[in-house]
Amino acid sequence: MIGTALGLLLLMAAPDLEGTWVGARFTEGKGDDPAKGEPVEFTFKGSALAGRKGNGTLIGEATFTIAADGKSIDAVGATGGYKGKTYLGILKLEGDTLTWCSSGTAGKSQKRPADFTADSFQGKYLIVLKRRKP
């Protein structure tokens, strides 16, 4: 009984990312102005994700895991130059807005971001997305 309750609590903490999200990727700042970011789209299905630029060009594909507390996400590249590289990140889901800050230094001096601010000098990238309605 306790194991079942704990399992339900863990499921409730992990955000539901299933579906397609559109928004922008930022190399500097807090993502306050979408016009200053690069348009992107991410599709999450099961434990896989695919990212595309605003023009539809594939950025890459990856598998991902979300921590039980729902506050961190780790993606491992599955294709191209990203294959086998791990990207540590943090995330928050507020309504239909997903904010994801990720290390961009896979395989090098990897550190999980501590806040939701992009900084290309530190290798931190911010992605702010809205859930696409079916």
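Because only heavy atoms are used, hydrogens play no part in the values below, and waters and symmetry mates are left out as well, while side chains stay in.
Contact annotation: the side chain of L98 approaches that of L17 to within less than 4.5 Å [non-hydrogen atoms, C-beta and beyond]. For the pair K53/I59, a side-chain contact is recorded, criterion being any heavy-atom separation below 4.5 Å from C-beta on. I66 is listed as a side-chain neighbour of P15, based on a closest heavy-atom distance under 4.5 Å. No side-chain heavy atom of I73 sits less than 4.5 Å from a side-chain heavy atom of L88.
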What's the verdict on side-chain contact (heavy atoms from CB on, under 4.5 Å) for V40 and I127, showing C-alpha distance, side-chain angles and the deciding distance?
CA-CA 8 Å; V40 293; I127 303 166; 4.2 Å; yes
Starting from the C-alpha separation in whole Å, work towards a yes-or-no answer on side-chain contact (heavy atoms from CB on, under 4.5 Å) for E18 and K45.
CA-CA 5 Å; E18 196 80 13; K45 184 171 182 172; 3.5 Å; yes
For a side-chain contact (heavy atoms from CB on, under 4.5 Å) check, start with the C-alpha distance between F42 and L129, then their side-chain angles and the critical distance, and finish with the verdict.
CA-CA 8 Å; F42 282 84; L129 305 165; 4.0 Å; yes
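K85 contributes a side-chain N or O that, together with a main-chain N or O of G81, makes up a donor-acceptor pair within less than 3.5 Å.
Classification of the F44-W100 ring pair by plane angle, with boundaries at 30° and 60°, yields tilted.
Side-chain heavy atoms closer than 4.5 Å link hydrophobic residues (I, L, V, M, F, W, Y) into clusters, and following such links, even through other members, never connects L49 to V22.
Heavy atoms of other residues, nucleotides or ligands lying less than 6.0 angstrom from OH of Y82 number 12 at most.
Between Q122 atom CD and S103 atom OG the span is 12.0 Å, to the nearest 0.5 Å. Once rounded to the nearest 0.5 Å, the distance linking NZ of K124 with CD of E28 reads 10.0 Å. To the nearest 0.5 Å, the span separating OG1 on T79 from CD on E61 amounts to 5.0 Å.
Summarising the geometry of C101 relative to D115, their closest heavy-atom pair is SG-O, 3.5 Å, with the distance given to 0.1 Å. Pairing each heavy atom of A62 with each of A75, the nearest pair is CB-CB, 4.3 Å. Looking at every heavy atom in both residues, G89 comes nearest to P113 through CA-CD, 4.1 Å. Closest approach of D32 to P34, counting heavy atoms only: O-CD, 3.6 Å.
K30 is linked by a side-chain hydrogen bond (donor to acceptor under 3.5 Å, both in side chains) to T117, counting only residues two or more places apart in sequence or in another chain. Applying the side chain to side chain contact (heavy atoms under 4.5 Å, CB included) test to T27 and every residue at least two apart in sequence or in another chain returns R25, S120, Y125. For K130, the side-chain hydrogen bond (donor to acceptor under 3.5 Å, both in side chains) test picks out T97, with sequence neighbours left out. Residues satisfying the side chain to side chain contact (heavy atoms under 4.5 Å, CB included) criterion with T43, sequence neighbours excluded, are T20, E41.
Think of I90 as one node in a network of Ile, Leu, Val, Met, Phe, Trp and Tyr side chains linked at under 4.5 Å; its network also takes in F26, F116, L126, V128. Grouped with F121 in a hydrophobic cluster is no other residue, since no side-chain heavy-atom contact under 4.5 Å to another Ile, Leu, Val, Met, Phe, Trp or Tyr is found.
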